[in-house]
Amino acid sequence: MRFLSALLAMVLFCFAAGYVLPWWSIAIVCFVVAMGFKLRNAPAFFSGFLSVFILWLLIALLKDHANEQLLSARMAALFKLNNSYLFIAVGAFVGGLVGGLAGWSGGLVRHAMNNKQDHQ
């Protein structure tokens with residue numbers, strides 16, 4: 001249940017942060033949420049990865065549909081990809097990696113802080 005709650009919180013906070021902060025603010029959000037929900041290694045990574053991947057994929061598809069695939073087709077041609085949807089998926093995957101690694105880092109820092117307190 002913590003995993004789904006963290007996933008939902010990451011999606012909502014990353015969406016909100018995307019309007020007022022730079023793109024890399026997703027890393028800060030995933031880091032803080034993973035620490036706050038006390039997620040361990042794998043759940044922290046996958047909640048960060050899935051939240052940003054799904055969010056960026058949905059936003060890109062909505063924006064792409066609104067401009068009739070004009071920009072994504074040109075960018076896909078620039079990167080020598082066969083399909084504009086492949087370009088969107090690659091972008092969402094890269095964002096997912098940023099979110100996943102940030103979430104994983106948050107989980108590791110939380111774990112390290114708890115171990116440090118136990119040894120004192």
Side-chain angles (χ1 to χ4, degrees):
M1 191 66 185
R2 257 191 311 179
F3 175 80
L4 292 176
S5 300
L7 185 84
L8 182 61
M10 285 180 191
V11 168
L12 293 175
F13 289 133
C14 285
F15 182 74
Y19 276 104
V20 293
L21 298 172
W23 72 268
W24 48 265
S25 62
I26 61 166
I28 297 168
V29 168
C30 291
F31 181 88
V32 170
V33 170
M35 281 186 67
F37 278 88
K38 300 176 184 175
L39 297 176
R40 286 283 175 114
N41 297 335
F45 176 81
F46 286 116
S47 65
F49 180 86
L50 287 175
S51 64
V52 176
F53 180 82
I54 291 168
L55 179 66
W56 279 22
L57 185 67
L58 288 176
I59 290 173
L61 287 173
L62 289 173
K63 298 284 186 182
D64 192 47
H65 180 69
N67 72 10
E68 298 173 356
Q69 292 83 22
L70 185 64
L71 181 61
S72 64
R74 289 184 181 180
M75 292 301 292
L78 180 68
F79 285 104
K80 300 192 183 352
L81 296 173
N82 298 335
N83 192 338
S84 62
Y85 294 115
L86 180 61
F87 175 74
I88 291 171
V90 168
F93 182 77
V94 170
L97 282 178
V98 171
L101 292 174
W104 187 23
S105 298
L108 290 174
V109 167
R110 176 71 176 196
H111 182 68
M113 287 174 31
N114 285 342
N115 282 346
K116 184 178 179 183
Q117 291 173 356
D118 291 341
H119 291 295
Q120 288 181 353

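Both backbone and side-chain heavy atoms feed into the values below; hydrogens, waters and symmetry mates do not. Heads up: numbering here begins at 1 and tracks the sequence. What you see is a predicted model; the values in this text were computed from it and never measured.
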Rounding to 0.5 Å, atoms CH2 (Trp104) and CG (Leu97) come to a distance of 11.5 Å
*Within a reach of under 6.0 Å around CZ of Phe13, are more than 12 heavy atoms found that belong to other residues, nucleotides or ligands?*
no
Can you tell me if Asn82 has over 12 outside heavy atoms packed within less than 6.0 Å of its CG? no
Correct closest heavy-atom pair for Ser84 and Ala76 would be CA-CB, 3.9 Å
Under a 4.5 Å side-chain heavy-atom rule over Ile, Leu, Val, Met, Phe, Trp and Tyr, are Ile59 and Val52 clustered together?
yes
dist Leu7:CG -> Ile54:CD1 (nearest 0.5 Å) comes out at 6.0 Å
Closest non-hydrogen atoms of Val29 and Met10, given as atom of the first, atom of the second and distance, are CG1-O, 4.2 Å
Applied to residues 64-101, the ring pair (Phe, Tyr, Trp, His ring centres under 6.0 Å) test, sequence neighbours excluded, yields Phe49-Phe93, Phe79-Phe87
Margin query: Quick check: is Phe37 connected to Leu50 through a chain of hydrophobic side chains (ILVMFWY, heavy atoms under 4.5 Å apart)?
Written below: no
Single-linkage hydrophobic cluster Leu70~Met75, side-chain heavy atoms < 4.5 angstrom
no
Checklist entry - Counting distance only, does the side-chain N/O of Arg2 pair as donor-acceptor with the main-chain N or O of Lys38 below 3.5 Å? => result yes
Query raised in the report: If two hydrophobic side chains count as joined below 4.5 Å and joins carry through other members, does Ile26 share a cluster with Val11?
Result: yes
Check your understanding: Are Trp24 and Tyr19 joined in one hydrophobic group, where the rule is that I, L, V, M, F, W and Y side chains link up if heavy atoms are under 4.5 Å apart?
Key -> yes
d(Cys30 SG, Phe45 CZ) to nearest 0.5 Å is 10.5 Å
The reported gap from CZ in Phe31 to CG in Leu101 (rounded to nearest 0.5 angstrom) is 12.5 Å
Rounded to the nearest 0.5 Å, the CG atom of Leu8 sits from the OG atom of Ser47 at a distance of 11.5 Å
Distance col, row Asn83:CG vs Gln69:CD, nearest 0.5 angstrom, shows 10.0 Å
Hits for side chain to side chain contact (heavy atoms under 4.5 Å, CB included) against Ala92, two or more places apart or cross-chain, chain-then-number order -> Phe53, Trp56, Leu57
- Task: Flag the pair Asp64 / Leu71 as yes when at least one side-chain heavy-atom distance between them is below 4.5 Å, and no otherwise.
- Result: no
